Number of protein chains: 2
Amino acid sequence: MKPTTPAAEDYLKTIYAHTEWQPAPITPRVLATRLGIAPSSVTEMVKKLAADGFIAHVPYGPLTLTAAGRMRATAVVRRHRLIETWLVRELGYTWDEVHDEAEVLEHAISDRLLEAIDAHLGHPAADPHGDPIPAADGSSVRVPAVLLADAAPGHAGTVLRVSDRDPGILRALADAGIGPGSRLDVVDAHSVRLPDGELHPLAPDAAGAIWLTR
Amino acid sequence: MKPTTPAAEDYLKTIYAHTEWQPAPITPRVLATRLGIAPSSVTEMVKKLAADGFIAHVPYGPLTLTAAGRMRATAVVRRHRLIETWLVRELGYTWDEVHDEAEVLEHAISDRLLEAIDAHLGHPAADPHGDPIPAADGSSVRVPAVLLADAAPGHAGTVLRVSDRDPGILRALADAGIGPGSRLDVVDAHSVRLPDGELHPLAPDAAGAIWLTR
DNA sequence: GGTCAGATTGAGGCATGCCTAAATCGTAGT
DNA sequence: ACTACGATTTAGGCATGCCTCAATCTGACC
């Protein structure tokens with residue numbers, strides 16, 4: 001298949017990420033916002049990606065990945081998440097500060113290095129945020145999860161995943177010692193109870209970033 | 001000072017590398033050949049680098065680094081060599097196959113990650129080829145060395161450094177088990193005697209790539 | 001001192017990927 | 001049904017960094 005540039009990989013990755021935890025297809029507007037670029041720039045790149053068979057797009061409609069596009073996207077996601085895992089496990093990064101570094105490295109490492117890191121880490125199944133790491137063939141395992149914002153008051157569960165979209169939320173949760181693996185009792189959308197019995201208030205959007213076991 | 005792009009860093013690094021082991025300044029022609037690009041492309045970039053204060057250049061003359069340019073160049077070289085060392089020590093690469101990977105990564109890792117790798121490796125003084133790793137302040141230690149091609153027959157020494165310019169030579173020497181740290185007796189420019197007494201023939205250009213203790 | 005080859009530079013182009021500004025589309029609300 | 005208004009696309013530009021081809025310079029040789 002066609003080669004992909006770093007810029008194109010970012011588009012595919014962002015489209016993929018949008019539908020990974022929610023089903024609605026992404027629009028050009030939202031994609032532009034996520035990438036921090038002008039909508040017209042998206043139009044241009046979309047034309048190329050559609051011509052190369054990576055996305056399906058009818059004019060003025062939403063964007064969806066083709067099978068080929070999904071393959072490329074999961075490959076980039078795999079890189080990103082393995083790099084994050086490696087930075088945290090081997091080089092003293094905390095899980096709230098790895099994103100930007102991985103963002104760059106995901107376009108720079110060779111397949112050879114990627115697989116060496118994967119082997120070195122013992123083929124981890126999830127990254128430090130709890131996001132599943134796709135296998136080299138693009139497949140990935142999904143554990144049933146509930147968004148904290150959607151959980152019934154009284155729901156008790158373990159943190160499976162914390163979205164890395166908002167660095168501020170990540171920082172706040174890291175400071176509070178809350179991360180993948182933490183046990184939580186849901187009080188409501190604004191606070192949770194920790195195992196030590198302490199009531200912990202949540203930042204406004206935090207409930208929309210934390211996923212719990214069912 | 002001005003920021004530098006990956007392309008500009010490659011120019012500075014290549015100019016620096018040319019004078020690291022031999023004193024003559026580099027010409028645009030040679031630089032173009034080393035970078036694998038057309039001479040006119042060099043002219044253009046040289047104009048920018050000179051305007052930014054990184055190189056000194058009189059039209060039709062050779063290219064020399066300014067103090068600022070040398071600083072940038074050593075920073076890139078430091079990155080390159082620390083990455084090579086890390087790939088070999090941590091991830092199972094052999095010293096003859098790390099160059100291309102480092103070539104890309106040197107433009108991608110953050111200062112933060114670089115220093116983490118440096119600390120993780122225990123602040124190594126030389127990379128797997130025996131090239132000195134400049135300190136963060138740009139300084140680097142130089143050990144007196146003789147090029148094998150210039151050594152008198154009968155000269156006995158330890159391999160300090162093997163130039164990584166030619167991958168073929170690297171492969172051949174790696175296969176023969178010759179690398180930094182190896183003891184050698186110089187027979188002539190075409191063969192050396194190994195510690196086990198065996199006479200080892202050298203590929204045509206190998207004598208110009210191996211540096212020995214004095 | 002003249003000539004010529006090779007090195008260097010200049011002019012004009014191309015691809016990528018972004019921008020702003022100006023159409024155009026599509027739909028929600030009246 | 002109409003009319004906005006927001007979303008999308010088109011048009012035209014710009015920076016980077018490379019190219020080819022042509023012009024110009026430099027130095028070595030006669």
Side-chain angles (χ1 to χ4, degrees), chain A residues 1-15 18-19 22 24-65 69 72-73 76 100 103-104 106-108, chain B residues 1-15 18-19 22 24-65 69 72-73 76 100 103-104 106-108:
Chain A
M1 192 78 50
K2 281 277 170 60
T4 34
T5 61
E9 290 177 358
D10 282 336
Y11 281 78
L12 296 176
K13 180 187 62 173
T14 306
I15 297 170
H18 189 261
T19 45
Q22 237 104 47
I26 197 169
T27 63
R29 185 88 174 99
V30 172
L31 180 54
T33 305
R34 285 258 201 287
L35 292 170
I37 61 179
S40 60
S41 303
V42 169
T43 302
E44 280 180 273
M45 182 63 92
V46 158
K47 262 188 283 191
K48 289 178 204 161
L49 291 172
D52 291 348
F54 294 124
I55 66 178
H57 179 232
V58 291
Y60 298 96
L63 308 168
T64 46
L65 294 174
R72 289 300 171 97
V76 178
D100 293 349
E103 204 67 31
V104 177
E106 71 192 7
H107 305 297
Chain B
M1 192 77 49
K2 282 277 170 61
T4 33
T5 61
E9 290 178 358
D10 282 336
Y11 281 77
L12 295 176
K13 181 187 63 173
T14 306
I15 297 169
H18 189 262
T19 45
Q22 238 105 45
I26 196 169
T27 63
R29 185 85 174 105
V30 172
L31 180 54
T33 304
R34 285 260 201 286
L35 291 170
I37 62 179
S40 60
S41 304
V42 169
T43 302
E44 279 180 273
M45 181 64 92
V46 158
K47 262 188 283 190
K48 290 177 202 161
L49 291 172
D52 291 348
F54 294 122
I55 67 177
H57 179 231
V58 291
Y60 299 96
L63 307 169
T64 46
L65 294 174
R72 289 299 171 97
V76 178
D100 293 350
E103 203 68 32
V104 177
E106 71 192 8
H107 304 299

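Convention: sequence-line order gives letters A, B, ...; per-chain numbering from 1. Just so it is clear, the model here is predicted, and its values are computed rather than measured.
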Hey, does [Y] have a side-chain heavy atom less than 4.5 Å from the side chain of [X]?
X      : Y     : result
B:E106 : B:E9  : no
A:V76  : A:D10 : no
B:V42  : B:I37 : yes

Round to a whole Å and report the spacing from [atom1] of [X] to [atom2] of [N].
X     : N      : atom1 : atom2 : answer
B:I26 : C:dT8  : CD1   : C1'   : 15 Å
B:E44 : D:dC21 : CD    : C1'   : 14 Å
A:D52 : C:dG17 : CG    : P     : 11 Å
A:M45 : C:dA15 : CE    : C1'   : 12 Å
B:D10 : D:dT16 : CG    : P     : 17 Å
A:R29 : D:dC5  : CZ    : C1'   : 12 Å
B:L63 : C:dA7  : CG    : P     : 14 Å
A:L49 : C:dG17 : CG    : P     : 9 Å

Is there a side-chain contact between [X] and the phosphate of [N], meaning an N or O under 4.0 Å from OP1 or OP2?
X     : N      : result
A:Y11 : C:dC18 : yes
B:K47 : C:dT9  : no
A:K48 : C:dA15 : no
A:S41 : C:dC19 : yes

Taking atom types as modelled, is there a side-chain donor on A:T14 or A:R34 under 3.5 Å from an acceptor on the other?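 No, A:R34 and A:T14 have no side-chain donor paired with an acceptor closer than 3.5 Å.
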Quick one: label A:A7 by what it contacts on the DNA or RNA (base, sugar-phosphate, nothing), any heavy atom closer than 4.0 Å.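 Sugar-phosphate contact only - A:A7 comes under 4.0 Å of backbone atoms but never of a base.
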Give A:P39 one of three labels, base, sugar-phosphate or nothing, depending on what nucleic acid heavy atoms sit under 4.0 Å from its own.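 Base contact.
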Please round to the nearest 0.5 Å and tell me the distance separating atom CG of B:L31 and atom CD1 of B:I15.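 Those atoms lie 5.5 Å apart.
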Along DNA chain C (nearest heavy atom to each residue), the more 5'-positioned of A:I37 and B:V42: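 By nearest-heavy-atom nucleotide position, the 5'-most residue is B:V42.
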Polar side-chain atom of B:H18 near backbone of B:A24 as donor-acceptor pair, under 3.5 Å: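 Yes; at least one donor-acceptor contact below 3.5 Å.
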In dot-bracket, 5' to 3', how would DNA chain C read with Watson-Crick or G-U wobble pairs under 3.5 Å, [ ] for crossing ones and | for pairs to another strand? ||||||||||||||||||||||||||||||
Return yes if the base of D:dT8 and the side-chain atoms of A:S40 contain a donor-acceptor N/O pair under 3.5 Å, otherwise no.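 Looking at the base of D:dT8, it does not pair with any donor or acceptor on the side chain of A:S40 (distance under 3.5 Å).
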Where is the tightest heavy-atom contact between B:A108 and A:A108, given as atom of each residue plus distance?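 Heavy atoms of B:A108 and A:A108 come nearest at CB-CB, 3.7 Å.
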So, applying side chain to side chain contact (heavy atoms under 4.5 Å, CB included) with B:F54, which one of B:T4, B:V46, B:L65 is it?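 So the option named by the test is B:T4.
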Just compare C:dC19, C:dG26, D:dC19 and give me whichever is closest to any side-chain atom of A:Y60.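 Nearest listed nucleotide: C:dG26.
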If you find the nucleotide of DNA chain D closest to A:T43 and the one closest to B:P6, which residue's nucleotide is nearer the 5' end?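 First, find each residue's nearest nucleotide; the 5'-ward one identifies A:T43.
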